[in-house]
Amino acid sequence: MDREEVDPLESFERAARRAEQALDRLEGGSATPRGEAGTEGLQAPAGREAGFWTARGELAEEGGVSSPLVSEVVEAAREESGGGVAPTGEADGDRPRGGHLVRSTAFFSVATAASRVAGLAREVVAAALFGISGPMSAFTVAFQVPNLIRALFADAALQPAFVPVFTEQLGRGKVFEAFRLASTLLLLVVMVLGAISALFIIGAGLIMPLFAPGFDPFVEGLMVVMSQIMFPILVLLGASGVVVGILNSYDRFGAFAISPLFWNLTIIAVVVIGVPMLPEDQRIYAYAIGVVAGTVVQLAIQTWDLRNTPFRMTLKFDFRDPKLRRVLILMLPVTLSLGLVNFNLVINSFFGSLVSEQAPAGIDKAFRIYQLPQGIFSVAIATVIFPTLARFANSRDFTNLRRTLGKGMRQVVFILLPATAAILVLADPMIRLVYQRGEFGPEQTVLVATALFWFAFALPTNGLYLLLSRAFFGLQQPWIPTAVAGLNLAVTAGLAWAFYEPYGVAGIVAATAIATALSVFFQALLIRPRIGGLEALPLLVTTLKTAIASLVLAVVCWQVWELSDRLLGSGTLADAIGLAAALGLGGLAYVASCRLLRVGELDEVFAVFRRPA
């Protein structure tokens, strides 16, 4: 029978039966039923040492990639109880198991890599067409303001609050209540974000200049119009937050993983097609239109995948539902933390507009490069380690919590300190290779490379900041990282105000790096008494050894690049060969130095690659 011919009531009943059967098995075993605490009472699987739990995913029934985080928690419950419940409420027999690990990991890795490559291609195309001119800075600010509102109210803030409550209802067999909660939340999000979008569109002429007071009237006008074009993405992203939350609850991560690729590809297509069709002074509008079109495509892909879940939208809404109130309360600390982080980008653009019309776009271009190692490594480490931290925190096992946190902090330093060293000596050729073509000239390379140079100092500290924030969330004390994020914002704004005039772009970005370092210092002070101390001495030893190895890497990278530049000259191919050689030989020098210095984290990395699949 085709899916369109299935009776929705039959889907409800089938999902309810599955959830009830799974709940009966869970209650009949020895595991503690999952309630609001989620992982409370779970212990490490037998034979597994304290530390990192291996992140893994599996292919669900119809191709969706299951959660790499939830699967570990569920596996621990199953090993203790001899059975258990999948996070969706499905029976064990309904879901494929470990045989799909390699396929699922490959799919998710390929999707993520493809999305990042497409994102970089989008930046390259935009840089070639617009450089970091005034219109590009106008787009940067026009996009950052809706993005700030998105962080406060839309997808990223919704998912961490909605998914636990939704899956809890499914796990208890309350399928209709779960569907009603999701439907009510979706309607509420669309209504609220629609009203906010309308307010900003109507008042854009008065509101937007507050975020970039240094723009001239022409650039300011472009910024206002583009913000009016892009503010509707708030509604789309709000709906996306609920839809992705539902998909994640049913272990379907395929659409979530692949949709950013099509977001980027759609923007590239619209820009390439639209720019020649618009007047020269309005060509930047194609970028804004592309963002809206890409967001529509992204939501369409995610919504289409809902057909592969039992979820059905209901028209019975309940705005007084206590569960809805609980979701909104859970959103608050996440909303504040994400909002404060995104405010830093707005601060950079605010003071950048007072330096020059090119500065906001230049800082943003540098930030995109800075985010590559940050997103690949530090976010990954913080994400993988979080369920383990939460498990040890819930069981009050602070000894293993300290060990796990210490291991994560040393891994961050081991990976991001050499990345910092490489950027410090190769910032200029990196920017030249990625951006310098078309409208992006050598003088713009200097500005963006300067910003990237100063961003590099924040790489290891920001990685530690993310990890320590996750530790506080694991301890169920989210207001502490929120307060530290507020301090970070205040310090960033104060230092940027003091530095922007004498030091320009360098001073603005340096303010961010200094504020991040101070935030890590205060986080460390605040978490020590809560977990009985930190493994400070091993961290210090690893930092010193890694710093020495990173210095060797920097010297080798610089010498190889200088030699390559003299022999091959400039040009895209020559720059690519020179950078590849510099980073490759520098990386080998770093590994060799770590081996000589007996850096333990190197052995852990090698152990991961030696571990059988």
Please report the closest heavy-atom contact between [X] and [Y], naming both atoms and the distance.
{"X": "Thr450", "Y": "Val446", "value": "OG1-O, 2.8 Å"}
{"X": "Leu553", "Y": "Ala422", "value": "CD2-N, 3.8 Å"}
{"X": "Ser356", "Y": "Ala359", "value": "OG-N, 3.1 Å"}

Counting only N and O atoms by type, is there a donor-acceptor contact under 3.5 Å from the side chain of Arg402 to the main-chain atoms of Ile531?
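Yes: the side chain of Arg402 pairs with the backbone of Ile531.
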Side-chain heavy-atom pair [X], [Y] within 4.5 angstrom cut-off:
{"X": "Arg368", "Y": "Asp364", "answer": "yes"}
{"X": "Ile527", "Y": "Leu475", "answer": "yes"}
{"X": "Leu468", "Y": "Leu405", "answer": "yes"}
{"X": "Phe367", "Y": "Val509", "answer": "no"}

The test is side-chain hydrogen bond (donor to acceptor under 3.5 Å, both in side chains); show your working for Ser240 and Gln302 and say whether it passes.
CA-CA 7 Å; Ser240 174; Gln302 295 162 354; 2.6 Å; yes
Around atom CD of Glu501, are there more than 12 heavy atoms from other residues, nucleotides or ligands closer than 6.0 Å?
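Not buried by this count: 12 neighbours or fewer within 6.0 Å.
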Are more than 12 heavy atoms from other residues, nucleotides or ligands located less than 6.0 Å from atom OH of Tyr503?
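Incorrect, the count does not exceed 12.
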Leu534 vs Leu539, test: side-chain contact (heavy atoms from CB on, under 4.5 Å). Steps then yes/no.
CA-CA 9 Å; Leu534 284 173; Leu539 177 62; over 6 Å; no
Parallel, tilted or perpendicular for Trp454 and Phe457, by the 30°/60° rule?
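It falls in the tilted class, 30° to 60°.
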With side chain to side chain contact (heavy atoms under 4.5 Å, CB included) as the test, pick out the partner of Ser550 among Thr546, Ile548, Val552.
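Option passing the side chain to side chain contact (heavy atoms under 4.5 Å, CB included) with Ser550: Thr546.
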Applying the side chain to side chain contact (heavy atoms under 4.5 Å, CB included) test to Asp575, which of Gln436, Met430, Arg432 qualifies?
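For Asp575, the side chain to side chain contact (heavy atoms under 4.5 Å, CB included) check succeeds only for Arg432.
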Any pair counted as ring pair (Phe, Tyr, Trp, His ring centres under 6.0 Å), so long as it reaches residues 554-593, sequence neighbours left out:
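Checked against ring pair (Phe, Tyr, Trp, His ring centres under 6.0 Å) - neighbours excluded - the pairs reaching residues 554-593 are Phe414-Tyr590.
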